[in-house]
Amino acid sequence: AGPDEADEAVRGTCEDASVCKRFAVSVGYWTDPYIQYFVRQAKERKAPEINRGYYARVHGVSYLIKAFLKRTECNSQIVNLGAGMDTLFWRLKDENLLPRKYFEVDFPMIVARKIHNIKSKPPLSKPIMESHSGDSLLIDSHSLDSSRYSIVGADLRFSSDLEEKLKKHNLDIHLPTLLVAECVLVYMTPQQSANLLKWAASTFPVAMVINYEQVNMRDRFGQIMIENLQRRQCTLAGVELCSSLESQRERLLLNGWENARAIDMMKVYNFLPQADVKRIEALEFLDEKELFEQLMQHYCICWASKDSSNLGLANIDF
Ligand code: SAM
């Protein structure tokens, strides 16, 4: 596949992630009143282990995000890298947990689609208007900028372009900043993801980064596992480098971050509030417990911080 085709396949992963999330929401794994406005309902059922996996992913990531918002008393900003059709902005607004400003970045083509949905669906546009004050908000086909929500089309592999575009939307590098990369870095080469992490660490004096992605991809024969659950053929370029939890931590530490931690998703699953886990385990029968555990061990959450203001970001943990 040429570079354009490869990028196209990566953009397709955005659709996959949201369709899976919408399906899990429709079964009752968690509530998200907004995802229905971004993607169609899945044509076929998703396997229970996939739904549970997404449950742990969504809850694990949002657990850390809320811990950051609590420590910073929402006096901070969030930059969601490769946000796709993520609905976190709307969910945080409903919970009265919006940071000072919430930014999203993705390829211009994805951003154009997201903006189209926002413009044509009042349940999406109303919360943006409600949280907006001052001048009329800026909107064109590839970017939208309001007081609290902003979305920009940019390629994450070019951080100077990214920084310039975010600054045009009033990114304040001196505010405590949370960068979120949920299933994104794995689509770049090791060099490109390292550059992005390094850019973030050197740009924001007080910051935290959360990364969710594949890990432990080598099976017992030393082969890189083919993600049989991921039907699209994407180049999992980052897999080689970050093949273990230790190398995930190392990558963060080597690129300017401190207090780096990495845990696999089975651990995250076990840390989640047990009453809710019990509730979701009753939703669908899961036959192959062992297969589920293996699947979960192939994904991880890693996070790290830089905290010269002593906000306690280093203590954030499950
Ligand atoms: N973070 C979202 C979620 O978890 O639901 C979407 C995840 S999806 C698997 C990966 C996203 O990263 C896609 O929306 C894709 O377009 C975006 N992405 C990957 N590489 C990118 C790049 N170089 N620049 C901008 N966006 C990129």
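Order of appearance sets the numbers: ligands from 1, and atoms from 1 within every ligand. All of these numbers come straight from a predicted model, not from anything done at the bench.
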Before accepting this row, confirm whether a basic side-chain N of the pair [X]/[Y] lies closer than 4.0 Å to the acidic partner's carboxylate O.
X: E130; Y: R148; value: no
X: R11; Y: E8; value: yes
X: R71; Y: D307; value: no

- Item | Side-chain donor/acceptor of D106 to backbone N/O of G84, under 3.5 Å | yes
- Write down, by chain and number, every protein residue that brings a non-hydrogen atom to less than 4.0 Å from an atom of ligand 1.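 Near ligand 1, by chain and number: V10, R11, T13, C14, A17, K21, R57, G82, A83, G84, D106, F107, I110, A154, D155, L156, R157, E182, C183, V184, Y187.
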- Message: Given D145, which partner from the list K168, K101, H132 fulfils the side chain to side chain donor-acceptor pair (under 3.5 Å) test?
- Response: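 By the side chain to side chain donor-acceptor pair (under 3.5 Å) criterion, D145 pairs with just one of K168, K101, H132: K101.
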- Query: For Y29 and E284, does a side-chain donor sit closer than 3.5 Å to a side-chain acceptor?
  - Reply: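 Present: a donor and an acceptor within the cut-off.
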